[in-house]
2 protein chains.
Amino acid sequence: MAKKLNLKTAAVEKSSHLEYFKIAVSVDCVIFGYEDKELKVLLIKSDLKEFAGLYSLLGDLVRPDEDLNEASYRVLKERTDLDDVFLQQVHTFGAVHRHPSGRVISTAYYSLVNINSHKLKIDNNDLHWHPVKNIQKLAFDHKEILDTCLEHLRGKIEEYPVAHNLLDEKFSLRALQELYEAIMNEPLDRRNFRKKITLKNWLIDLNEMEENVPHRPGKLYKFRPRLMKSRK
Amino acid sequence: MAKKLNLKTAAVEKSSHLEYFKIAVSVDCVIFGYEDKELKVLLIKSDLKEFAGLYSLLGDLVRPDEDLNEASYRVLKERTDLDDVFLQQVHTFGAVHRHPSGRVISTAYYSLVNINSHKLKIDNNDLHWHPVKNIQKLAFDHKEILDTCLEHLRGKIEEYPVAHNLLDEKFSLRALQELYEAIMNEPLDRRNFRKKITLKNWLIDLNEMEENVPHRPGKLYKFRPRLMKSRK
DNA sequence: TCAAAAGTGTTGCGCCTACACCCATGA
DNA sequence: TCATGGGTGTAGGCGCAACACTTTTGA
């Protein structure tokens with residue numbers, strides 16, 4: 001009974017805090033792809049005058065009736081038409097002046113997609129895959145977001161079989177190693193890499209060989225299907 | 001020149017998206033403490049009718065002119081009067097209906113504080129330290145937030161010397177081990193624990209002994225000062 | 001036959017776990 | 001002298017890094 005004193009309904013609480021509903025929430029997606037032995041990220045030309053000439057990550061405001069995670073899937077789907085992909089939340093960036101349009105707090109996600117398996121929905125915004133290594137500056141705090149996500153990705157691929165999202169279904173161990181080298185940005189020892197991967201037991205030997213290569217063909221592998229839970 | 005076509009100022013962009021500024025952003029702080037060989041968390045009685053009788057984490061809406069991280073420091077300061085503490089962002093929870101007052105997206109932080117080194121600012125909301133082990137249910141999605149933060153803490157203390165935030169300045173190795181056992185929720189081998197800690201070189205031997213213990217006194221240690229960067 | 005990459009093992013090191021005994025102190 | 005915890009070392013296993021030679025294929 002005495003406890004009743006301080007209780008208020010949610011509706012009452014909301015009305016007393018209306019002035020706080022002035023912050024927009026967005027998601028920014030670091031969409032990684034892999035092509036020509038390079039890790040790439042999907043960028044778009046910023047359409048803000050303040051960032052004229054700079055590229056930015058793909059992002060959008062979260063809709064009032066949309067889960068935060070769903071918003072990141074929507075962004076991805078809108079741009080790549082993919083909807084069953086690896087996508088992971090990493091960090092939320094909330095500096096007051098990070099966005100010139102007003103107060104926008106943004107949750108960063110990264111995603112791994114196969115560049116060959118989809119067509120970009122290219123509009124007139126210069127959407128393109130950009131090699132991660134060359135990126136010096138992006139609009140907003142997107143360079144920091146990119147760096148943070150790349151750091152997370154580096155930790156992730158050591159422990160989880162997520163690399164299949166970036167590759168075609170069949171691949172040689174060399175191709176897989178080149179992918180790892182591109183992500184880690186360092187050369188790896190071939191024998192040790194093969195041992196480590198074998199030990200993890202992520203791969204299935206397809207008993208097929210590379211074809212049309214100008215050298216001794218390598219065996220082809222694929223990732224074990226049960227490991228490939230997308231959307232998480 | 002041609003590029004000018006699609007550019008718009010930030011002000012224009014904001015006006016075209018006003019309907020999205022309807023989501024509130026909050027921070028929820030999992031404030032961990034350590035007392036009586038138990039890991040505890042600071043809880044408050046929920047003041048929402050929808051959650052009558054349940055406890056919740058400490059949180060607050062982020063102010064329009066306040067950095068996200070600063071909001072979490074403010075919440076901590078308001079409740080514990082501490083302002084130079086370990087605080088780390090973990091995850092952002094954004095389900096549509098996670099808050100009955102409306103659309104509130106919440107970024108979760110956890111913090112490590114010394115229960116003895118401050119006085120709680122206790123108001124009439126039944127603010128108290130609650131053993132983590134006994135918690136079954138909390139208001140909102142706060143149980144999930146707690147679990148997520150605890151999992152992160154477990155990883156953190158293995159790699160970083162953050163435990164000093166929970167202990168008094170001087171402590172015995174046994175006390176440190178008991179803290180680790182409380183956090184990991186499992187017994188640890190004494191010899192192996194000491195070896196591991198010694199190897200990490202986090203501690204300074206104070207050449208002092210425990211006093212007033214009913215058994216052989218142990219040596220006292222403290223954490224190396226340079227390691228103790230608070231606020232990350 | 002050459003160029004290019006495939007494929008393969010061993011050694012040493014550091015870290016981890018499991019495990020048992022004697023020592024110092026206060027009651 | 002007893003109860004309580006302090007303090008210590010070793011052995012086996014595992015993962016990791018460093019490192020070189022032979023084989024297969026296409027050109």
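To find a chain, count down the sequence lines: A is the first, B the second, and so on, and within it residues start at 1. Reckoned from all heavy atoms, side chains included, excluding hydrogens, waters and symmetry mates.
L199(B) comes within 4.0 angstrom of the backbone, heavy atoms only, and of no base.
For the pair Q177(A) CD and dG7(C) P, the interatomic distance rounds to 12 Å; values are reported in whole Å. Here dT4(D) presents its C1' atom at 9 Å from CZ of R174(B), a figure rounded to the nearest Å. Between L188(A) atom CG and dA17(D) atom P there is a gap of 9 Å when expressed in whole angstrom units. Look at CD on E211(A): it is 13 Å from P on dA27(D), rounded to the nearest Å. Atom OH of Y221(B) is separated from atom P of dG6(D) by 11 Å (rounded to the nearest Å). Regarding L176(B), its CG atom lies at a distance of 16 Å from the C1' atom of dG7(D), rounded to whole Å. Between the CD atom of E210(A) and the P atom of dG26(D) there is a distance of 12 Å, given to the nearest Å. Between the C1' atom of dC16(D) and the CD atom of E159(A) lies a distance of 15 Å, rounded to the nearest Å.
Exactly one residue among D60(A), D67(A), D81(A), D83(A) makes a salt bridge (Lys or Arg N to Asp or Glu O under 4.0 Å) with R74(A). That residue is D60(A).
Checked by atom type, the side-chain pair R224(B)/N201(B) shows a donor-acceptor distance below 3.5 Å.
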How does protein reach along nucleotides 18-27 of chain C, written 5' to 3' as B (base within reach of a heavy atom under 4.0 Å), S (only sugar-phosphate), or - (no contact)?
BBB--BBBS-
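Residues in residues 188-213 of chain B take part in these salt bridge (charged side-chain N to carboxylate O under 4.0 Å, His left out) pairs, two or more places apart or across chains: K170(B)-E208(B), D205(B)-K219(B).
Within the 4.5 Å cutoff, side-chain heavy atoms of L43(B) are placed close to those of L57(B). The shortest distance between side-chain heavy atoms of L138(B) and S56(B) does not fall below 4.5 Å. For the pair T148(A)/F93(A), a side-chain contact is recorded, criterion being any heavy-atom separation below 4.5 Å from C-beta on.
H130(B) and H128(B) have perpendicular rings, their planes meeting at more than 60° on a 0 to 90° scale where under 30° would count as parallel. Using the six-membered ring where Trp is involved, Y110(A) and F32(A) have ring planes that are perpendicular, over 60° apart on the 30 and 60° scheme.
The overall bend of the helix from dT1(C)-dA27(D) to dA27(C)-dT1(D), read as the angle between its terminal helix axes built from five base pairs each, is 10° when rounded to 10 degrees.
Across all their heavy atoms, V162(A) and N165(A) have their closest contact at O-ND2, 2.8 Å.
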